[in-house]
Student: 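Here's a structure for you.
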Amino acid sequence: MAAANHLQGLMEETTCSICLEYFVNPVSVRCGHVFCLSCISRCWEGLETDFKCPQCRETSQNKTLRPIRHLGNIVELLKHLHIPSAAPQGEDLCREHEEKLKLFCEDDQEPICVVCRESRDHKTHSVLPIPEAAQKYKKTLHNHVERLQKELENLQIWEDEQRRTVSDLEVNFENQAETIHSTFELLKQFLDKEEQQLISKLETEHKENMEKMQEKLSELEKQQSILRDMIAEIEGKCQQQDVQLLQDVQIILNRSNRVKAQKPMEDAVVWWTLQSIGQHAFLQEKLLELKATFPAELVSRYIKPGESTFPTEREWQYINTWATEITLDPDTANPWLIISEIGRSVRLGVRPQDLLDTPQRYNPVTSVLGRERLSSGKHYWEVEVGDKTGWDLGVCDESVSRKEVITLCPKNGYWVLWLRDGKYKALTSPSAFLFPRTPPRVVGLFLDYEAGRLSVYNVEDKSLLFTFFGTSFPRTLRPFFNPGLIDGGKNAGVMRILPVGRE
């Protein structure tokens with residue numbers, strides 16, 4: 001193997017880099033490279049100055065050629081040994097000149113030989129040795145691979161985002177479907193109960209009416225019997241002889257005059273109509289309450305053209321009937337939160353306050369509770385969030401731990417809506433994305449403790465954002481607030497509880 005390698009090396013040293021054959025009359029140029037006399041003469045044909053070496057491109061002002069006779073003798077010896085030239089075959093040869101492809105023309109983007117390089121077609125072109133060109137284009141290709149890899153990564157990121165959106169849509173669909181189902185189940189239960197009550201009342205009053213009517217019918221039948229008897233007696237008297245007819249005739253006439261038909265006394269009768277059902281005060285109140293907590297998209301299906309959109313002013317009046325004074329409890333506030341003196345506004349400070357870290361204080365979560373404890377009845381309050389880019393609002397179980405970061409959801413004792421990165425969510429399990437018609441600047445919260453419902457409204461356009469249905473609330477709830485992180489100054493605004501009975 002070593003001998004073969006040495007022989008290959010000897011063949012390469014005795015081969016002209018222009019014709020790729022054994023040297024014929026080998027001569028060296030100024031830089032020391034060796035070529036066949038005829039090959040180098042052909043390359044320099046017509047030149048008066050600037051003689052370039054075809055191999056290293058070094059320029060000489062003089063046409064200096066030095067014969068190397070001992071190399072020519074070595075070539076002759078090799079020829080007598082019948083060793084073939086080291087010239088490569090196949091794709092490494094120029095098709096036109098059958099010379100080895102040693103150069104790369106960047107203008108034509110093709111490998112060329114040294115003869116092509118001196119030809120008219122390539123003489124003015126930018127040319128590089130093939131190893132150098134290969135290294136250059138490897139780097140270029142590598143840069144392209146890096147760029148395409150980044151493009152691929154972007155596509156994968158976008159695909160992940162789309163898949164998350166698809167997943168969120170699925171979750172939102174399931175939550176909305178469950179909300180619709182729960183809504184109509186509650187409506188069915190309510191309507192079934194009201195139906196039974198109304199039917200029962202109708203049956204009772206119908207029975208009373210029928211008893212009264214039967215008494216009147218009996219009285220009328222009795223009067224008719226008396227009249228028939230009187231008529232029969234008079235008709236029988238008329239059939240008697242004159243003398244007999246005149247006997248006691250005055251008595252019969254007096255009795256006849258006393259017999260008169262009497263209309264039964266009229267008693268009050270309840271006439272039930274569909275309108276009377278609508279005027280049933282308790283039913284009307286319940287319908288208002290249910291409608292006020294229905295998802296707007298459901299109610300809008302049943303609004304006739306020209307009617308006002310959900311909810312109506314009357315329904316808002318009903319909700320505001322339960323307005324409750326809510327204030328913030330500073331003893332529960334995270335040290336980073338600044339609470340106003342009257343306890344109606346909260347914002348995130350630039351540094352934490354030096355406060356006693358009690359069990360009831362939120363830390364590390366930047367939250368605060370309302371003072372009021374809600375364990376029964378209905379309550380409504382409004383919170384101004386303005387242009388804030390992040391916030392949490394809702395209610396929570398008073399007994400929740402305030403010393404750890406937990407997932408806000410009903411299972412963990414929180415019934416909360418939040419805003420993050422322009423996206424609104426109801427923090428159910430799993431959470432549900434919300435798509436308000438306009439970004440809420442004032443948020444209204446309506447708690448019906450016994451019904452297990454918390455409804456959240458966009459007060460400005462009077463639309464329902466979300467209702468937590470079918471909840472069995474713990475013994476005591478507290479209003480829950482979180483003004484969110486500052487978000488580079490974009491979320492530095494104040495969260496403010498609005499006063500009850502405001503215009």
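On a predicted model such as this, the values are computed, not experimentally measured, just so you know.
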Student: Assert yes or no for the condition that the ring centre distance of Trp381 to Phe446 is strictly below 6.0 Å.
Tutor: no
Student: If I compare all heavy atoms of Cys53 with all of His33, which pair ends up nearest, and what's the gap?
Tutor: SG-ND1, 3.5 Å
Student: Is there a side-chain contact between Asp392 and Leu417 in this structure, where contact means two heavy atoms from C-beta onward sitting under 4.5 Å apart?
Tutor: no
Student: Quick one, Lys102 and Pro129 - any side-chain contact, counting heavy atoms below 4.5 Å?
Tutor: no
Student: Examine distances only and state if a side-chain atom of Arg117 and a backbone atom of His122 form a donor-acceptor pair shorter than 3.5 Å.
Tutor: yes
Student: Do Asp487 and Thr389 meet the criterion of a side-chain donor-acceptor pair at a distance under 3.5 Å?
Tutor: yes
Student: For Arg163, does the CZ atom sit with more than 12 other heavy atoms under 6.0 Å from it, leaving out its own atoms?
Tutor: no
Student: In chain order, what residues pass the side-chain contact (heavy atoms from CB on, under 4.5 Å) check against Pro439, with sequence neighbours excluded?
Tutor: Tyr424
Student: Using a cut-off of 6.0 Å, state whether more than 12 heavy atoms not belonging to His206 lie near its atom NE2.
Tutor: no
Student: Under 4.5 Å between any side-chain heavy atoms of Leu148 and Val145, yes or no?
Tutor: no
Student: Could you pull out the closest heavy-atom pair between Lys123 and Glu118, with the gap in Å?
Tutor: CD-O, 3.9 Å
Student: Rounded to the nearest 0.5 Å, how far does CG of Leu465 lie from CG of Leu393?
Tutor: 10.5 Å
Student: Going through the checks in order, is the side-chain hydrogen bond (donor to acceptor under 3.5 Å, both in side chains) test met by Ser126 and Asp107?
Tutor: CA-CA 6 Å; Ser126 175; Asp107 292 41; 4.8 Å; no
Student: Taking only residues two or more places apart in sequence or in another chain, which ones pass side-chain contact (heavy atoms from CB on, under 4.5 Å) with Gln196?
Tutor: none
Student: Report, as yes or no, whether the 6.0 Å neighbourhood of atom NZ on Lys403 holds more than 12 heavy atoms from other residues, nucleotides or ligands.
Tutor: yes
Student: Using every non-hydrogen atom in the two residues, find where Leu464 and Ser455 come nearest and quote the distance to one decimal.
Tutor: CD1-CB, 3.8 Å
Student: Could you tell me whether the side chains of Gln109 and Tyr137 share a donor-acceptor contact shorter than 3.5 Å?
Tutor: yes
Student: For Arg347, what residues pass the side-chain contact (heavy atoms from CB on, under 4.5 Å) criterion, not counting sequence neighbours?
Tutor: Ile338, Val494
Student: Salt-bridged, Lys216 to Glu211, with N to O below 4.0 Å?
Tutor: no
Student: Would you find a donor on one side and an acceptor on the other, under 3.5 Å apart, between the side chain of Glu384 and the backbone of Leu498?
Tutor: no
Student: Just by modelled atom types, is the Asp329 backbone N or O under 3.5 Å from a matching donor or acceptor in the Thr332 side chain?
Tutor: yes
Student: Is a donor on one side and an acceptor on the other found under 3.5 Å between the side chain of Arg373 and the backbone of Glu398?
Tutor: no
Student: List the atom of Leu337, the atom of Gln353, and the distance in Å for their closest heavy-atom pair.
Tutor: O-NE2, 2.7 Å
Student: Should Phe481 and Trp391 count as side-chain neighbours, where that means a heavy-atom distance under 4.5 Å?
Tutor: no
Student: Looking just at side-chain N and O atoms, do Ser399 and Asp397 make a donor-acceptor pair shorter than 3.5 Å?
Tutor: yes
Student: Are the side chains of Arg344 and Leu328 in contact, using a 4.5 Å heavy-atom criterion?
Tutor: no
Student: Among side-chain atoms of Glu450 and Ser376, is any donor-acceptor pair under 3.5 angstrom?
Tutor: no
Student: Taking Thr324 for its side chain and Trp322 for its backbone only, find out whether a donor-acceptor pair lies under 3.5 Å.
Tutor: yes
Student: Kindly indicate whether the side chain of Ile199, heavy atoms from C-beta on, has any atom under 4.5 Å from the side chain of Glu203.
Tutor: yes
Student: I'd like to know if the side chain of Asn458 and the backbone of Pro436 have a donor-acceptor N/O pair within less than 3.5 Å.
Tutor: no
Student: Could you tell me which non-hydrogen atom of Arg361 sits nearest to which non-hydrogen atom of Pro330, and how far apart they are?
Tutor: NH1-O, 3.2 Å
Student: Is there a donor in the side chain of Asn412 and an acceptor in the side chain of Thr407, or the other way round, less than 3.5 Å apart?
Tutor: no
Student: Please check if the side chain of Arg402 supplies one atom and the backbone of Gln360 the other of a donor-acceptor pair under 3.5 Å.
Tutor: yes
Student: Would you say that Leu128 contacts Glu106 through its side chain, given a criterion of any heavy-atom pair below 4.5 Å between the two side chains?
Tutor: yes
Student: Any donor-acceptor pair under 3.5 Å linking the side chain of Thr327 with the backbone of Gly343?
Tutor: no
Student: Any side-chain heavy atom of Pro111 sitting closer than 4.5 Å to one from Ile130?
Tutor: yes
Student: So, for Lys388 and Leu419, which heavy atoms are closest and what is the spacing to 0.1 Å?
Tutor: O-CD2, 3.4 Å
Student: Indicate the ring-plane relationship of Tyr414 and Phe480, choosing parallel, tilted or perpendicular according to the 30° and 60° boundaries.
Tutor: perpendicular
Student: Under a 3.5 Å cutoff, is there a donor and acceptor pairing between the side chains of Glu382 and Tyr380?
Tutor: yes
Student: Assess whether atom CG of Asn154 is packed by more than 12 heavy atoms of other residues, nucleotides or ligands within 6.0 Å.
Tutor: yes
Student: Quick one about Asn334 and Ser367 (side-chain donor to acceptor, distance below 3.5 Å, no hydrogens or angles considered), yes or no?
Tutor: no
Student: So Lys150 and Glu146, salt bridge (charged side-chain N to carboxylate O under 4.0 Å, His left out) or not? Walk me through it.
Tutor: CA-CA 6 Å; Lys150 290 180 180 178; Glu146 286 184 346; 5.9 Å; no
Student: Are there more than 12 heavy atoms of other residues, nucleotides or ligands under 6.0 Å from atom CG of Leu485?
Tutor: no
